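Note sheet for the following structure.
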Number of protein chains: 2
Amino acid sequence: MVDSPRTRPAKPALSRDSIVTATLGLVGELGCAAVSMRRVAQALDTAAASLYVHIADRDELMRLAHDLAVRDVDLPTGADGDWRDRLELLVTRTVAALARHGDIAAVGLTDAAAGPAGLRIIDELLRLMRDGGIPDRACAWAIDLLGQHIAAAALEGTATPTHRDDLAPYPTLRELAPLLTSGTPDARARWKLRVLLDGLLAQP
Amino acid sequence: MVDSPRTRPAKPALSRDSIVTATLGLVGELGCAAVSMRRVAQALDTAAASLYVHIADRDELMRLAHDLAVRDVDLPTGADGDWRDRLELLVTRTVAALARHGDIAAVGLTDAAAGPAGLRIIDELLRLMRDGGIPDRACAWAIDLLGQHIAAAALEGTATPTHRDDLAPYPTLRELAPLLTSGTPDARARWKLRVLLDGLLAQP
DNA sequence: ACCTGAACACCGTTCAAGT
DNA sequence: ACCTGAACACCGTTCAAGT
């Protein structure tokens, strides 16, 4: 049955929230590149120009959608283990939250400015590292590494499948090629996070 | 005086190379987002449609430009120290080569597929890690970490300046905020690479 | 205050037509 | 074989006009 004025509920008032929610949904379905202002407007049964009453431009909209994607991540509690268990859990949850919405994590790779939900997670990551006795400057500089790791892990599997080049001129790469994608994406992500944290703990 | 057939030298034949070189130059001047097929064509005094004789689409063109940016990176030699010195030097040189061309490194963040010049560097990074006695699987999985680090380091300073949020709700972040950008970009990049390599060496 | 249609200045890509 | 103009189907954003 097709929507009609009789079967469809009254059009909800346009709001920043409804725009951002619709955007995040479309990113999950179509990917960031395919989400245009016109398509978001269409999904909300309004005109593209109407969106600009509530948001500044497309970049801001994508940043808001990215922040929405991590808004419901629960911070680990004391029951979840020591600082490192909790940090790993928080990273895993954030990656999972982002991965649920297509390639929205790409916004975090390109665009450094985090929203309130992102800042809340960053704050907790910093707090946990400090809890672990990591020096302040190391905590601060390590945030970039954690952020990159989170974004990259969330995008695993989103990338275009690498077309097979001829690897003859690259002997080591050729030999190790099968190992590049060995294991599960999850196991690789956990291993990378362990590398980061072990490396962090090895600094003076 | 306006160019005319008399004053302007013969238009060089359009070629894949000249297209990619012009593209990389424009990325350096204007940034990736502002480089359109039409602008590249204009720089070469031709029509946008003509480019498609030599390249498949804009994505391929950006990938080719990215590869060109790292084509002249010299691989370190025996005189440059042990495997770790050489690896750090190779990473630094690659970052510098990318940073010379605006935000071309963003292509490497989003798009996994490397070209011949990128593969040559990846192959050498793998070889050096193996030289250092790192197990094959760790070398393979670590390449992602190194690649992300290289791209992110090359983009340092390219990002939009973060507008200052009110950090009151984020106590740890507020306290550590001054440290986030302390030191030089170069010192931070070197520190991050040390974290990665120390972490790598800490794996069983 | 909020929404809209129409317009502006662009895009990437294709294709028939030219040389 | 290579190049081109014109066209197609889009973009983000602005703005006068409506309610």
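Bear in mind the structure is a predicted one, so any value in this text is a computation, not a measurement.
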Separation of [N] [atom2] from [X] [atom1] (nearest whole Å):
X	N	atom1	atom2	answer
A:Arg16	C:dA1	CZ	P	18 Å
A:Gln42	C:dT4	CD	P	14 Å
B:Leu44	D:dC2	CG	P	16 Å

Could you run through nucleotides 12-17 of chain C and give me one letter per nucleotide, 5' to 3': B if any protein heavy atom sits under 4.0 Å from the base, S if only the sugar-phosphate is that close, - if neither?
BBBB--
Less than 4.0 angstrom from a charged side-chain N to a carboxylate O is my criterion; do [X] and [Y] meet it?
X	Y	result
B:Asp80	B:Arg86	no
A:Arg127	A:Glu124	yes
B:Arg84	B:Asp131	no
B:Asp67	B:Arg63	no
B:Arg188	B:Glu156	yes
B:Asp144	A:Lys192	yes

Expressed as a whole number of Å, how far does the P atom of D:dA9 sit from that of C:dA9?
22 Å
For C:dT4 and A:Ser50 - does any side-chain N or O of the residue sit under 4.0 Å from the phosphate oxygens OP1/OP2?
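Yes, A:Ser50 has a side-chain N/O under 4.0 Å of OP1/OP2 on C:dT4.
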For A:His54 and C:dC3, is the shortest distance between a side-chain N/O and OP1 or OP2 below 4.0 Å?
yes
Distance-only criterion, 3.5 Å: show the donor-acceptor pairs between side-chain atoms of residues 18-33 of chain A and protein atoms not counting sequence neighbours.
| unit_1 | atom_1 | unit_2 | atom_2 | d |
| --- | --- | --- | --- | --- |
| A:Ser18 | OG | A:Ser15 | N | 3.0 |
| A:Ser18 | OG | A:Ser15 | O | 2.9 |
| A:Ser18 | OG | A:Ser15 | OG | 3.2 |
| A:Thr21 | OG1 | A:Asp17 | O | 2.8 |
| A:Thr23 | OG1 | A:Ile19 | O | 2.8 |

B:Glu88 and B:Arg93: CA distance, side-chain angles, deciding distance, salt bridge (charged side-chain N to carboxylate O under 4.0 Å, His left out) verdict:
CA-CA 9 Å; B:Glu88 291 181 0; B:Arg93 283 179 182 168; over 6 Å; no
Return the residues of residues 25-34 of chain B meeting this criterion: a heavy atom under 4.0 Å from some atom of DNA chain C. Order them by number, or give none.
none
Using the test side chain to side chain donor-acceptor pair (under 3.5 Å), find all partners of B:Gln148 that sit at least two apart in sequence or belong to another chain.
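None.
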Checking A:Asp123 now: which residues fulfil side chain to side chain donor-acceptor pair (under 3.5 Å) with it, not counting sequence neighbours?
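In terms of side chain to side chain donor-acceptor pair (under 3.5 Å), with neighbours along the sequence ignored, A:Asp123 is linked to no residue.
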Stepwise side-chain contact (heavy atoms from CB on, under 4.5 Å) test for A:Met129 and B:Thr172
CA-CA 10 Å; A:Met129 284 190 280; B:Thr172 311; over 6 Å; no
Using a 3.5 Å limit for the pairing distances, which stems of at least 3 consecutive Watson-Crick or G-U wobble pairs does DNA chain C take part in?
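Stem list for DNA chain C: C:4-8 with D:12-16, C:12-16 with D:4-8.
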